[in-house]
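Structure first, then comments.
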Amino acid sequence: MATTPSYNNDKVVTGEVEYPAGDPASGAFFQPDYKKNEDLKQMLDGSKDSLKLEAMKRIIGMIAKGRDASDLFPAVVKNVVSKNIEVKKLVYVYLVRYAEEQQDLALLSISTFQRALKDPNQLIRASALRVLSSIRVPMIVPIVMLAIRDSASDMSPYVRKTAAHAIPKLYSLDPDQKEELVAIIDKLLSDKAPLVVGSAAMAFSEVCADRMSLIHRSYRQLCSLLADVDEWGQLALLNVLTVYAKTCFPDPNNDNYSSESETEKPFYESDSDASETQKRTSSSPTVDPDLRLLLRAAKPLLQSRNAGVVMAVAQLFYHCGPVQELPPVAKAMVRLLRAHVEVQSVVLNSIAALTVTKRALFEPFLKSFFVRNSDPTHVKLLKLEILTNLATEASAPVVLREYQTYVTSSDKAFVAATIQAIGRLAVAIQTETETCLNGLLHLLSSKDEWVVCEAVVVVKRVVGGGASSARAAVSRAAKLLRSDRLAGNARAAAVWLVAEHGAKHPRAAAILAHMISNFADQDELVKLQLLSLAVKLSITQPDTLPMCRYVLHLARYDASYDVRDRARMLRKFIEPQNDSLLAQYAADIFCPDKPKPTIQSSFKDRDQYTLGSLSQYIGSAAGCYTPLPTSPAEPVAADLREPPPVETQPAPVQKNKTFYSEPEGDSGSTSSGSETSSGSEESSEDEEEKHEDEEKPKEANNYKSNSETSDSESDSETSSSDGSGSDNEDSSDEAPQTNDDQQEQKEESNKNEKSNLELLLELDEVASTLPTMTPTCGGFLSPPTVPPMGLSEADMITPVGPSIVPNKSTELISRVMSGGLSVHSRWTRAPHLYSNKMCAIQLTLTNHTADEVTNIRLNKKIVSGSRSIHEFSPISSLGPGASTTTLLGVDFGDSIQPVEFTIASSLGEMNIVITPQVGELIRAVNMSEVRWAREQRKLRGMTECDKKAPKLENDLIMCTRVFETANLGAVDSPTDFLKFAGRLMSSQDLVLLSVRIESDHSVVTVNCPNMAIASMLANDISSSFSKYY
Amino acid sequence: MIHSLFIINPSGDVFLEKHWRSVIPRSVCDYYLEAQRASPNDVPPVLAAPHHYLISIQRGGVALVAVSKQEVAPLFVIEFLHRVFDTFQDYFSDCTETIIKENYVVVYELLDEMLDNGFPLATESNILKELIKPPNILRTIANTVTGKSNVSSILPSGQLSNVPWRRSGVKYANNEAYFDVVEEVDAIIDKSGATVSAEIQGYIDCCIKLSGMPDLTLTFVNPRLFDDVSFHPCVRFKRWESERILSFIPPDGNFRLMSYHVGSQSVVAIPMYVRHNLVLKSNGDQGRLDLTVGPKQTMGRTLENVSLEICMPKCVLNCSLTANQGKYSYDPVSKVLVWDIGRIELPKLPNIRGSVSVASGADTSGANPSINVHFTIPALAVSGLRVSRLDMYGAKYKPFKGVKYVTKAGKFHIRM
């Protein structure tokens, strides 16, 4: 193998390698030497790309061969960062194959993909998502979810396509994510790129095939894109649209509907259209215009080179289209018969099912179904089935002539089927019965025993009801029976034939006599038939009664139960005791007129399955098969398919409702009710502000006096109350409040709720009019998160004020250092007015000198990355001994890296470093326990951090400790868990904390997408528990 | 959707497996192997195992078995498997067990690129060839020297354009466009020489090496002949509907532009006849075989590459024949007699005759073998189809154009 100049270019590296094994090339594929894995590891650990590539190729060879290569996992997974694109690709292949078995190690590679997801090259982004989503490790579900969500709105359609592919992967990994995935599918279905739509349709049918409501909106666009989608996408899309059409449009072949609409139509149509409408309704049934759109888009695809697409179109037309339009479909299906034999087999199967009900469709193509000797047997049988279904009185002679040739084939199964088919023809087509029967009788004298047997059985079935040629059949059968050439079934059938139709035949008795001469050696079936023959003869030809007795006597001592039982029963008929009724009616019982048997196609019930489906092929419902729904009587949701008018947004509607239905100041409205509205109120702020204009002056005053203390509450309250104007302080008041300042304020607000509320509302107004704050005040005014529409009220996540605002202040600059000006900082646990991503830090500046300190301002900011500082307004002068407070806004970017800045004053410049506690980077939020649990489920795995902590006396102390350490909101929970929730200031990621109390200790669990924050917070909380005050 | 793919050689060894979802043990192939053992040439394409469905194709001596766990359109899978096989052929110029084994890395990379989670991702050969370069010796050496790999790191631009089948930046020194109009006669001739059924199945294969983005139109003298057509995705269907003109931006390289069908309604010229006489005696005596082949309705062309294939009845032990032209061989195991005639030159008619030895006591009645006939007639389209002209827009240069007509025997059966 090493000498073959193939792509398997192991030789390429031989110059530079020192393999332990002599010939590395030969090892690539076929050497079953497991010890070689050692040198593979060495090659992978090395630094040469060519060696790594070589090793990877050999490993892929092992995987391809189905050998276990999982022990190399650690060595391989390291190379996921390789620069060489081919090595990388092969590592991906390996990773996807084995990640499931080595979950922990697979996690090592995740960060590489996360980085690659941000790569400027779309191919790299896409392949990272592809591999990431293919790694079947439950731990990474949140990460994949995030990646899919981001990629679904990527600029590149290719990446979006990959996102669509990733959706079913994630769904199979964690079905809990369904709702979120459905939302993404919904979005992708309305994508404008044909590349994406096909994959979205595939994801749709994998994840939520029953949610037809998702299609309404994009239906027309999907129809128009159909032609441009790639062939596999067309297939998926056609399948989805077929189900959709079946769900939403009435059956165009349904007479009720078309006649109804006929009468209604002129009513809707304008006069000019009326004549045309009439023409249409008279020639063909009315088709819903939207269905017509789909049919028109799908029809050209009948010309596709892809058999699957053609079949999907056939499926659509057969199940949803008007009957008149089926002939072109039939033609296309017949064309597929010239493709590969596998395609032929599937198509023939579908045609066989179709011909049972819609014979006329395929009649013109009769000759296309003639059997060739070179066809595989199962194809021959299918063709035979179709030919039999298609035969009419006119075409029967042609078909029969074909059958004549088939009967002499060397393929036994096929011959047998042909004989059966002749039998079916004889029954189905009255005019041909004679011919068929003659043919069959002719076969009875064939030299091939096997053919004869089959023929007898069929003749028995055909003759069944007493055809005129029964006599001929009987004499043939009689002749055969005498010659003892038949076996088993055939012999039994022949005896039956004689018994049924030849009871009056003079030779029947002779046959019976001949047969019972070796009664004991006959088959059981034959014996049973002989018994009934004997009885029937004794009825029609009473002189044979002794022979009948003799047969019954023989049967009485037979080895078989059945024969003995039958004999015992029949005896009652021929030997009447005390004039029993049995004997009287014996003739009626044994020789009645029997109805003619019907022989039906074995494909008769295949029609119940969707045309061209796997279930139809195998004739039973396959796993996950869902039958098409039945058509509705009336068109469904026609108005939903209209393209949405541009100005219609759901939000204003909701606004109006809350705005008008709840009068302002209605204190009875629940807090959660107003919270709902606050989520959707962004757009209505202007209006609200105008509304409040009149009371502005008063509030402006109040604002000044309260500004320092109400900061902490201002955010939560404004965001939740600026919309509806109803009182909703409960939400923040419910949280335990221990801080004195807040207590005071609460009392104050209770005294005059209305004015206080408006004060808070007015805060926005003031804020937005302050010149320094204009740039991004929108960010502050808008609620920090816009919850998705349609979530129930209980599902909201609303920001609340902090439970505890620490009084503790830290000295940033001592008076000694600066020469008299000291600076203290305190965490206010509130977002800064400038941007809600910023923490507001209260700085207290005190002048300890005897002179006035002037022009105090923030001078230099040393920040990096996304972090930023919003400076406080400069203080022009600070008198001796005086102190002032000011607010500084810092966006820490969710990291505890310190920020540095300098404060300049007349005393000089001082350097200040602020290092945040992790707990201060969070803003408390309120949410329902159900929501908490759901969010936590999404953040399992790597984003979860557990920490053991000592147990404290009671829950209250624990809560206090938690609140002291971090700005989290408590979540009501009935369980023994203490649950808290918050959001990171900058990224708005959720931070979920729970404290579980065990017998002798407690466990602190933090869930946060930011893993660093999670672990730090868990550490901080647990160490706060171990502190003794 | 396709969960896994197994490639199986004729002796029943699974020599390549690829899983797109969780691993399915290869023992699932036993159901396929069982069916194959029962009747090697008659394996239904869809098999139902207890928890899986096996959908298979057999080509080039290997079987591709796709495994699915749930309802899936069988034609989708079959069509995809054929596409996989076509791609392999395209890459390695042939597709056999040995070649797949030699190129397993490329095969694996291809499979990975073609299917994602069981759903096709990229199957256009132009796109695949940009993503993964087909192997050749020159490139292998070049890659070793330069350290480059044959896997592309950028997305082929075709993937995003609205002509995904064509790669961008095509450049040729010699611009050429060749069209092969191939017609196959499918016919069944009965014992007496009468035609039972005859149809013409045609296709137009192209080899197009044109720089830039050429926009071609192909017109026919008599497009009304077409009864039913199917097109490569590149053909603009609207123009075909309205003007019966093939207008398209071609993929680069070889591809099948269209396939068509000339209906069984029109009379099909049968280009040759076979006079046959086979006598088998059941009493153990020697039987006799006499075959004569002659041309018929060939419109003045000669028949070439003629060969006859007869599957003899089971009772025939051996044949000792003499042919006045060509060679014959008989395989006593598969009972197939092959007579390779070659070119038929008038006035001499090829003939083969001789004795056939029959197993004594065997039943010889009713055994009616059939003859499969192969032939080609160059420079003739039996339906009479003619290309009128080829126009090119969208490029400045003048390409070299050529059209070739060939008629072949398709499924041409003569019943004896």
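Reminder, nothing fancy here: chain letters follow the sequence lines and each chain counts from 1.
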Which one of [options] has the most heavy-atom pairs closer than 4.5 Å to chain A?
options                           : value
P120(B), A73(B), S197(B), G118(B) : P120(B)
V14(B), I7(B), T123(B)            : T123(B)
R256(B), K191(B), R59(B), H19(B)  : R59(B)
G410(B), P233(B), C311(B)         : P233(B)

Distance-minimising heavy-atom pair for P369(B) and N373(A): C-ND2, 4.4 Å
Decide whether [X] and [Y] meet the rule of one side-chain donor and one side-chain acceptor closer than 3.5 Å.
X       : Y       : result
D42(B)  : H378(A) : yes
S56(B)  : E342(A) : no
D228(B) : Q303(A) : yes

Atom group of [X] that falls short of 4.5 Å from chain B, counting heavy atoms:
X       : answer
V159(A) : neither
Q344(A) : side chain
V343(A) : both
I63(A)  : both
D228(A) : neither
F370(A) : both
Y406(A) : side chain
Q616(A) : neither
P328(A) : neither
A236(A) : side chain
S613(A) : both
T405(A) : both

Step-by-step side-chain contact (heavy atoms from CB on, under 4.5 Å) determination, Y260(B) to R335(A): CA-CA 9 Å; Y260(B) 59 89; R335(A) 186 188 71 228; over 6 Å; no
Nearest-0.5 Å distance that lies between atom OG in S68(B) and atom CG in L614(A): 7.0 Å
Compare all side-chain heavy atoms of [X] with those of [Y] and state whether any distance is below 4.5 angstrom.
X       : Y       : answer
P45(B)  : V346(A) : yes
L123(A) : L131(B) : yes
L121(B) : H165(A) : yes
S374(A) : K411(B) : no
R305(A) : M258(B) : no
P168(A) : N117(B) : yes
P44(B)  : Y617(A) : yes
D186(B) : R372(A) : yes

From CA spacing to verdict: side-chain contact (heavy atoms from CB on, under 4.5 Å), E231(A), R83(B): CA-CA 12 Å; E231(A) 41 196 333; R83(B) 206 59 70 78; 2.8 Å; yes
Please flag which part of [X] lies under 4.5 Å from any non-hydrogen atom of chain A: side chain, backbone, both or neither.
X       : answer
F80(B)  : both
L111(B) : neither
V43(B)  : backbone
V196(B) : both
E124(B) : side chain
Y53(B)  : side chain
K18(B)  : side chain
I78(B)  : side chain
W240(B) : neither
Y108(B) : side chain
N372(B) : side chain
F237(B) : side chain

E402(A)/R415(B) salt bridge by N-O under 4.0 Å criterion: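 Result for this pair is yes, salt bridge flagged.
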Carboxylate-amine/guanidinium contact R130(A) E113(B), below 4.0 Å: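 Yes, charged N to carboxylate O under 4.0 Å.
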V72(B) backbone acceptor or donor facing Y625(A) side chain under 3.5 Å: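 A pair under 3.5 Å: no.
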Step-by-step salt bridge (Lys or Arg N to Asp or Glu O under 4.0 Å) determination, R21(B) to E206(A): CA-CA 14 Å; R21(B) 296 188 181 182; E206(A) 288 265 301; 3.1 Å; yes
Top of R97(A), Q315(A), E100(A) for chain B proximity - count of heavy-atom pairs under 4.5 angstrom: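 Highest number of heavy-atom pairs under 4.5 Å: R97(A).
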Which of R338(A), M311(A), R401(A), K169(A) touches chain B most, by non-hydrogen pairs under 4.5 Å: R338(A)
Steps toward side-chain contact (heavy atoms from CB on, under 4.5 Å) verdict (D227(B), K331(A)): CA-CA 9 Å; D227(B) 178 42; K331(A) 189 186 255 185; 3.2 Å; yes
Check: W232(A) ring centroid to F76(B) ring centroid under 6.0 Å: yes
Salt bridge (Lys or Arg N to Asp or Glu O under 4.0 Å) evaluation trace for D112(B) with K89(A): CA-CA 9 Å; D112(B) 206 49; K89(A) 269 241 154 105; over 6 Å; no
Whether H340(A) and H82(B) hold their rings parallel, tilted or perpendicular, with breakpoints at 30° and 60°: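 Rings of H340(A) and H82(B): parallel, under 30°.
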